[in-house]
Structure formats: C-alpha cells, structure tokens
Amino acid sequence: KTHESTGPALPEEIAALGNLAFENIVTTNYDQFWELLFGCSPIHGLDATFRSSEAAVNVVKVHGCVTAPSSMVLLPEDYDNYSLRHKYIFSKLLVCFAEHPVLFVGYSLSDPDIVELIVETAKALRKTYLENVFVLSMGNEPESLIGKSARFNVSSGSGSADVNLIETSEFEWVYRAFAST
C-alpha cells in the first residue's frame, strides 16, 4: 500500500513479485524491500541473510545489510577484510546455485565480488554455464530482446562463467514469468 501512489504499473509489479518462484534472491545492502515484501526475519551470521518461512524465500545480501551496520562492506578496509566472509557466503551460495534458481537484483555484472562468486561457483560445480542463475538489470533493451533473457559471460582473474542476464526497463513481465516456472 505504501507504494501504490508512486506509479501506475507499480501495484501490478508488486503483485507479480509476491508470486516469485525463487527460493534465493541476492540483493544489495541498502535494499530492504524484499524482506518487507516476503516478511523475512534475519538469520544472524557472518553475512546478512533473511528467511521467510511463509514464502520459503531466502534474501541474501553479499555486502551486508543497512539494518546491521557492522555487517556492511563499504570502505576499502571492509573490502580488504572481505575474504573470510566471502568464503562463508560462497559456501552458502554454492548449495543455492547447485539446487535452486537464484535471482540477483540490484547488482551490476561489473561488481567484482558478484563476478567472483559466480565464477567460483561455476568452477566448484565444474560448469561453464549456470543455467539457474539470473541477473536482473535495469536497461533499455532493444525491441528484439524485450521479454527475453540472454546468456552472458562474466570473467575474473580465476576464470569465467555464463549466467542469464535479463536487462529490461519493465520488470512486471519478468516477475510473472518466474511465477509460472
């Protein structure tokens, strides 16, 4: 209800969001929307993970959460100390990537930590294509790509992997597509 007055398409988008068939959503440290939408409670640990028993959704924040300031990765020294935390998050995400579809929201594929998580997961699974990993990105897609995702290659110093990139300016069709899978 809070967001109903912000635009004509938003209520439909939010309704479609509530029906997402994803068990794991990876989002940014300032994004609290997903926890509110699914009624998630935090799971305390080295990272910021939220769980909704009702919707069976995990919301994972690779760089911590604004609601737990000590978990956030913001400053250069935070990134320097990120390796232990990265290994913990990687081990949790490895199971998610292997067994369930994963949706990344709010990240750019130019984020080195996200790319490294994807590449390391692909290496661990001995795959070059993580077909159940989707990265949703805001963009103005060409007419020929509206309503489609594209296989996209990411690479780091340790290797490369392909994921599904969905670049769009209209998200409702994406949420509806994933509700029906």
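Note: hydrogens, waters and symmetry copies are ignored here, and every other heavy atom, side chains too, is used.
- Between Ser137 and Leu109, the closest side-chain pair of non-hydrogen atoms is not below 4.5 Å.
- Contact check for Phe104 versus Ile114: side-chain heavy atoms found under the 4.5 Å cut-off.
- By the side chain to side chain contact (heavy atoms under 4.5 Å, CB included) test, Tyr129 pairs with Glu131, Arg151, Asp162, Asn164, sequence neighbours left out.
- The shortest non-hydrogen separation linking Ser158 to Val119 is OG-CG1, 3.7 Å.
- Heavy atoms only, all atoms of each residue included: Ser156 and Glu116 are closest at OG-OE1, 2.8 Å.
- Listed by chain and number, the residues in a side chain to side chain contact (heavy atoms under 4.5 Å, CB included) with Val174 are Leu136, Ile166, Thr168, Phe178 (sequence neighbours excluded).
- Going from atom CD1 of Ile118 over to atom OG of Ser155 covers 11.0 Å, rounded to the nearest 0.5 Å.
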